[in-house]
K.L.:
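Would you mind keeping the following structure in view while I ask a few things?
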Amino acid sequence: MTIIVSNRTANLQRTIEAIIDPGIIGITARVNDEQGEWVGSAGAAELGGDVKPPADGHIRIGSNTKTFTATLVLQLVAEGRIGLDDRVTDHLPEFGIDERITVRMLLQQTSGLFNFTGEIYEDGSIVFGIPMPYGPNGQEWLDNRFKTYRPQELVELALSKPARFEPGTGWSYSNTNYVLARLLIEEITGRTITEEMRRLILTPLGMSHTVVPDGAEIAESHAHAYYRYDEDGEPRTVDITRQNPSWVSAGGDMISTTEDLHTFIAALTGGKLLPDRLREEMFAPRATGIPGMDYGLGVFVLTTDDGATVISHNGASVGHAALMYATPDGAKTLTAALNCVDDANLTIAAAFQNAQQRLLNEVFGGGQAA
């Protein structure tokens with residue numbers, strides 16, 4: 001597309017430069033709208049460096065993976081292979097899942113299933129799951145960051161814990177739902193999620209830089225990710241660009257680029273991946289209890305301050321983060337990649353939320369950021 005040089009260019013560049021702080025090392029953002037395409041970078045690709053992040057470098061996209069997984073399930077619904085209101089246990093009987101839980105509940109985050117990465121309850125109590133980067137088990141995660149987890153063991157751990165609520169009676173963000181969605185895809189098709197992702201999304205859209213990783217590697221080019229921890233009372237920072245994301249599986253393991261994310265979200269919202277009836281199901285908002293942020297099937301449905309709707313999913317993956325926004329018709333999209341210094345205390349969270357809000361305000365005119 002044509003690269004537009006205008007006041008918009010200057011405003012967007014100033015916005016991303018203002019996002020850089022001691023925690024956020026670098027950012028690349030991409031906007032596509034009626035004026036054309038704008039791409040900009042700020043900060044650095046490496047801690048202490050002066051080279052900007054690559055304009056279309058590879059990034060671990062975290063929970064943006066959920067939107068891909070949900071889309072795959074809905075494409076199988078379109079093919080007549082599964083129904084949204086099918087009972088999950090009918091397809092995956094080996095787990096003994098509550099027979100009231102449906103495929104729709106998994107995608108909508110209304111199953112009530114315990115999140116295998118841990119739960120924080122309304123009274124402030126915490127129930128831990130697998131060792132993860134955030135919280136008291138951060139060091140254990142760091143020491144074992146190349147470990148491979150099987151999706152089945154993540155589900156089994158979750159099912160060994162009490163459910164958060166009765167199926168369909170609440171909303172709670174749970175990675176368990178999306179690991180089960182992955183297992184459903186593989187059970188129904190007899191193929192791996194990677195093979196189905198290529199068949200239904202990546203190859204048709206020409207998304208050659210998006211992968212479901214098998215191990216710790218990430219292709220060049222990429223910005224670097226970091227993790228800060230204490231050792232003998234002294235702060236240490238380690239490069240964790242190489243890490244095995246199997247601990248979160250289909251809840252957040254994929255790698256992509258801002259260009260491929262634009263291609264995907266534009267195609268999804270523009271009606272190229274799903275029939276209209278299923279796209280409408282996907283974008284139908286379900287209240288989450290968070291003002292201005294409802295949830296559909298694998299997407300957040302945001303309401304801006306002026307009442308406009310934005311379809312979104314963002315994700316963080318320990319030192320990397322990715323943003324993905326679009327209008328419901330796909331006419332305007334924003335995708336971004338950030339590299340940062342993470343730690344067990346999630347001290348980067350405020351800066352990350354600020355980055356989301358700044359970009360959302362600049363491109364879509366304000367509102368809540370997922």
Side-chain angles (χ1 to χ4, degrees), residues 63-88 91 100-113 115 164-178 180-182 184-185 188 200-201 250-251 261 264-315 323-334 360 364-370:
S63 286
N64 286 304
T65 302
K66 292 182 174 70
T67 308
F68 284 85
T69 304
T71 301
L72 275 183
V73 172
L74 290 169
Q75 288 173 314
L76 295 178
V77 172
E79 290 181 350
R81 312 284 290 278
I82 192 171
L84 275 174
D85 297 311
D86 284 6
R87 301 189 313 172
V88 175
H91 297 281
R100 294 171 293 176
I101 294 175
T102 65
V103 175
R104 183 190 305 275
M105 290 177 191
L106 297 184
L107 302 186
Q108 195 180 54
Q109 304 277 23
T110 56
S111 73
L113 290 171
N115 184 359
R164 186 161 185 139
F165 49 77
E166 295 292 307
T169 64
W171 184 89
S172 182
Y173 195 85
S174 175
N175 290 304
T176 305
N177 291 320
Y178 278 80
L180 279 166
R182 168 188 173 163
L184 277 174
I185 291 165
I188 291 162
L200 291 171
I201 298 176
L261 287 178
F264 170 66
I265 194 64
L268 178 62
T269 51
K272 295 180 180 178
L273 290 174
L274 296 172
D276 288 348
R277 66 178 181 86
L278 289 176
R279 186 165 56 105
E280 290 170 6
E281 290 256 26
M282 190 178 203
F283 299 165
R286 198 274 184 204
T288 63
I290 308 169
M293 276 179 57
D294 294 331
Y295 203 79
L297 304 178
V299 293
F300 282 96
V301 183
L302 312 183
T303 302
T304 65
D305 291 340
D306 58 6
T309 298
V310 179
I311 304 301
S312 172
H313 216 303
N314 298 327
L323 312 181
M324 184 171 68
Y325 297 96
T327 52
D329 62 358
K332 178 184 288 187
T333 69
L334 161 66
L360 185 63
F364 295 97
Q368 300 298 313

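Numbers here simply count residues along the sequence, with the first being 1.
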K.L.:
When you measure from the side chain of T327 to the backbone of K332, do you find a donor-acceptor pair of N or O atoms at a distance under 3.5 Å?
P.N.:
yes
K.L.:
Is the side chain of N115 donor-acceptor paired with the backbone N or O of N175 at a distance under 3.5 Å, no angle test?
P.N.:
yes
K.L.:
Test your reading of the model: is there a side-chain donor-acceptor pair from T110 to the backbone of G170, 3.5 Å cut-off?
P.N.:
no
K.L.:
Can you name the closest pair of heavy atoms from F165 and S172 and give their distance?
P.N.:
CE2-CB, 3.5 Å
K.L.:
Are side-chain heavy atoms of F283 and T309 found at a separation under 4.5 Å?
P.N.:
no
K.L.:
Please name the residue in the list T269, L273, L74 that meets the side-chain contact (heavy atoms from CB on, under 4.5 Å) test with M282.
P.N.:
L74
K.L.:
Mind checking the CD-CD spacing from E281 to Q108? Nearest 0.5 Å is all I need.
P.N.:
9.5 Å
K.L.:
Kindly give the heavy-atom pair with the smallest separation between A250 and T65, and that separation in Å.
P.N.:
O-CG2, 3.4 Å
K.L.:
For R286, which residues count as a salt bridge (charged side-chain N to carboxylate O under 4.0 Å, His left out) partner, sequence neighbours excluded?
P.N.:
none
K.L.:
Where is the tightest heavy-atom contact between L323 and N64, given as atom of each residue plus distance?
P.N.:
N-ND2, 4.2 Å
K.L.:
Between the main-chain N or O of G298 and the side-chain N or O of K66, is there a donor-acceptor pair closer than 3.5 Å?
P.N.:
no
K.L.:
If we check side-chain contact (heavy atoms from CB on, under 4.5 Å) with T67, which of these qualifies: L261, L72, L297, V299?
P.N.:
V299
K.L.:
Less than 4.5 Å apart, any side-chain heavy atom of L184 and any of V73?
P.N.:
no
K.L.:
Report the distance from atom OH of Y178 to atom CD of Q109, rounding to the nearest 0.5 Å.
P.N.:
5.5 Å
K.L.:
For R87, which residues count as a salt bridge (charged side-chain N to carboxylate O under 4.0 Å, His left out) partner, sequence neighbours excluded?
P.N.:
D90, E99
K.L.:
Do S174 side-chain atoms and L113 backbone N/O form a donor-acceptor pair below 3.5 Å?
P.N.:
yes
K.L.:
Once you round to the nearest 0.5 Å, how far does CZ of R81 lie from CD1 of I188?
P.N.:
7.5 Å
K.L.:
Might you point out which heavy atoms bring V88 and V103 nearest each other, and give the distance in Å?
P.N.:
CG2-N, 3.7 Å
K.L.:
Quick check: do I311 and V301 have side-chain heavy atoms less than 4.5 Å from each other?
P.N.:
yes
K.L.:
I need the full list of side chain to side chain donor-acceptor pair (under 3.5 Å) pairs touching residues 288-301, with sequence neighbours left out, sorted by first then second residue.
P.N.:
Y295-H313
